[in-house]
Every structure is written in C-alpha cells, then in structure tokens.
Amino acid sequence: MTNNSRLSITPLSPFNFEFTAASHGWVDLSPNTWDEGQHALQRIERLSTGQVVLLSITGADSIHRPEISVEVHYVGRLLPKERREITAIVSRMFRADEDLSEFYTLCKKRGKRWARLTAGLGRLLRSPSVFEDVVKTICTTNIQWGGTKGIINRLVTTYGEPYPADPAWRAFPTPQAIASVSFKAFADSVRAGYRSEYIHTLAKRVVAGELDLEALANSDLPTPDLKKQLLGIKGVGNYAAATLLMLLSRYDELGVDTVFREFVHETYFDGKHPADKEAQAVYEDWGEWKYLAYWFDIWQHWSGK
DNA sequence: GTCCAGGTCGCGC
DNA sequence: GCGCGACATGGA
C-alpha cells in the first residue's frame, strides 16, 4: 500500500522538460526509465533518511511559467525534509536553476538552426549525485552503449536498495553498499571488466572520506583545477573528465572521443583527418559554451533537425 | 573465432 | 610531454 504526494518545481524559463529528459543517454540508464505513455521520467530514489521512494517526474513547458511536477510514491510517511531533499534532487537532475542566457545570446547571433536552441534546449540531464554521474561516465569508456546499460543494470539490481512496494525496483547504489562487499564479489556480480576496480576503489575512497565528490557540484574552482581533481579519479581520463565537467555545468572543455573525431571530420573537414587540436578549434568561438555547441551540433546532425 | 567499443593506465623514452 | 601495449567484458 503506497501513499502519494505531489511536489512542484518552477525552473528558470525557457525550459523544455522532455527535451532535457532525453538530452543524452542518461535517461536510458537504470534506475532511470522513461514512461512513454505518461511522458514521465521515473526512478527509485534512496533518500538520506533511508526512505526509498518512487519518483514520477513530468513537466509543462509554458513559456511564461514552466513547471516540473514530481509525483512521489512511498510507503509510510514522507517527512518535510524528505520533500525538500526530493526537490533538490529533481532540480539538480533537470538543472532547474541553470541560467543559459549567455549561451542563447550566442545561438541567436549565429541564427538559423542554432536559434532554435533558445526555446529551452541546452539542459543536459544529470544524476542526483556526482557519485552516480562519475560511475556512469566511467562505464561509458571503451565500451558500446549496450554494454554500459548492462553494467549499470547489474549494479542497480545487485546493490541498489529495493523500493518497499515493489522490491524488483531499486535505487542507484550508495558508495557504502558498494564498498561493503569484497572486490571479488563486486567484480563477479557487476562484470564491468577492468572498470570494476575503478568503481570499487572510488566507492571505498568516498566512504573513507578521502574524496568528497559531492562538494565538486558546488565548487567555484576554475575549470582547469576542477579538471585536475577529476583526473585524479582512477578511470577518469581526458574524455571522461570533459563529460563530467559538462555534468558539473562547465562547458569550456570538449570531450574528445571517437564520436567527436568522426563527427568533426565528416562535417567540417573534407576528406582529411584533422589532429585533435585542429578539430577542437571548430568550436573555439563558443568560449565557455563549447561543449553545448558541439553537443547540439551533433544532435541536430543525428536527428536531422 | 576475431575484432573492438563514445578510453585509460602505466610504462619507457 | 608523447607513443604504445595491456586491459575485462560482451556484442557485432
């Protein structure tokens, strides 16, 4: 028997809920799911009190008053501080407070296809915690997307806390849950290849207090210093660091990987393969907004929009 | 069976 | 600072 409670969040305008939900692959990674019928992003969340809830998140994109609605399903009661925590979680996931007006100004200057982004596109979905974003990012390196989904599924199924009303559904595992099992047991169950060690070590460092990942979310360090900290995480190299910087709202670094190289080569260099430096120069004009410019450049290319 | 994936590490120079 | 092989796992 579950109880329901509804929360409402007013994001900065302009805002586009469905586009943000589907802005990159994170919506497909457990415990996130997309309900096509309800147009809702759903996920199980373990709150810091230990309460495990089901969130069903929907949005209305009125230009004048956009709104994110969160239907919370839970067993027992929901404390006021738990409601506040959920509000903070969903705000972070959808970047409700992120001001992209500078980026939009640049888009308008470019005109044509870029101007379309100013209708609230540009927010890229992220996880409630930096820990979850780091683990997921590590699991996107040197692997195909299907492999990433498999690893994250096994991680959630094996170590996530069950939702009491339906124990088959689980939250993303806490660092504690991962750190408390032996490396061998962890590696055998998650089957993440050599990444298992990176994830297990990361969880142990977080639990030991050696690494305060969540502090990075509010850090005012310059991007190069923040990047250095990210590179200090085993399994995070240049590409993963740039992806994580994006997830920390720093867009001045491009994530150079095979997809980036291939896209820039095909789109901007006729025939010849540019060096990475030359390829990155394509987005130099975008300054602090390079990552978003690249991301929506390739998005428009893929989607034909 | 073989190759390699939205790379990264650790080494040697 | 740069080049290079090794790296687990599973899908193509």
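Hydrogens, waters and symmetry mates play no part in the numbers below; they use all other heavy atoms, side chains included. So you know, we letter chains A, B, ... as the sequences are listed, proteins then strands, and number each from 1.
- As judged by a 4.0 angstrom heavy-atom cut-off over every strand, A:A187 is placed among residues making no nucleic acid contact.
- Between the P atoms of B:dT8 and C:dG11, the separation comes to 22 Å (whole Å).
- Taking side-chain N and O atoms only, A:K234 has a distance below 4.0 Å to OP1 or OP2 of B:dG10.
- The CG atom of A:L248 sits 9.5 Å away from the OG1 atom of A:T223 when rounded to the nearest 0.5 Å.
- We find that CG of A:N142 is positioned 15 Å from P of C:dG11, with the value rounded to whole Å.
- Donor-acceptor pairing under 3.5 Å, judged by distance alone, is present between the side chain of A:Y194 and the base of B:dG7.
- Here A:F260 lies out of heavy-atom contact (under 4.0 Å) with every strand.
- Rounding to the nearest 0.5 Å places CD of A:Q38 at 8.5 Å from OG1 of A:T58.
- What separates CD of A:E262 from C1' of B:dG6 is a distance of 12 Å, to the nearest Å.
- With P as the reference atom, C:dA6 and B:dG6 are 22 Å apart, rounded to whole Å.
- Taking atom CH2 of A:W145 as the reference point, atom C1' of C:dG10 lies 16 Å away to the nearest angstrom.
- Atom-to-atom, CG of A:L155 to P of C:dT9 comes out at 15 Å; the value is rounded to the nearest Å.
- Within 6.0 Å of atom CZ in A:R77, 12 or fewer heavy atoms from other residues, nucleotides or ligands are found, so the atom counts as exposed in its surroundings.
- Along DNA chain B, the nucleotide nearest A:V236 and the nucleotide nearest A:R195 are compared for position; the residue whose nucleotide lies closer to the 5' end is A:R195.
- Out of C:dT9, B:dG6, B:dC9, the shortest distance to the side chain of A:Y239 is found at B:dG6.
- Within the nucleic acid shown, A:G146 has no heavy atom closer than 4.0 Å to any nucleic acid atom.
- Of the candidates B:dG7, B:dG10, C:dA12, the closest approach to any side-chain atom of A:Q144 belongs to C:dA12.
- Protein atom CG of A:D276 is 11 Å distant from nucleotide atom P of C:dG3, rounded to whole Å.
- Rounded to the nearest 0.5 Å, atoms CD1 (A:I86) and CG (A:L78) are 5.0 Å apart.
- In A:E197, the CD atom is not crowded: 12 or fewer heavy atoms of neighbouring residues, nucleotides or ligands sit closer than 6.0 Å.
- Annotation: A:E102, atom CD; neighbour count of heavy atoms from other residues, nucleotides and ligands within 6.0 Å does not exceed 12.
- Between A:I138 atom CD1 and B:dT8 atom P the separation is 10 Å, expressed in whole Å.
- Summarising the geometry, the separation between CD on A:E197 and P on B:dC9 is reported as 11 Å, rounded to the nearest angstrom.
- The phosphate of B:dG7 has OP1 or OP2 within less than 4.0 Å of a side-chain N or O from A:T258.
- At a threshold of 4.0 angstrom between heavy atoms, the contacts of A:I233 are confined to the sugar-phosphate backbone, with no base atom among them.
- Rounded to whole Å, the distance from NE2 on A:H24 to C1' on B:dG6 is 13 Å.
- Side-chain proximity of A:R191 to the nucleotides B:dG7, B:dG6, C:dT9 is greatest for C:dT9.
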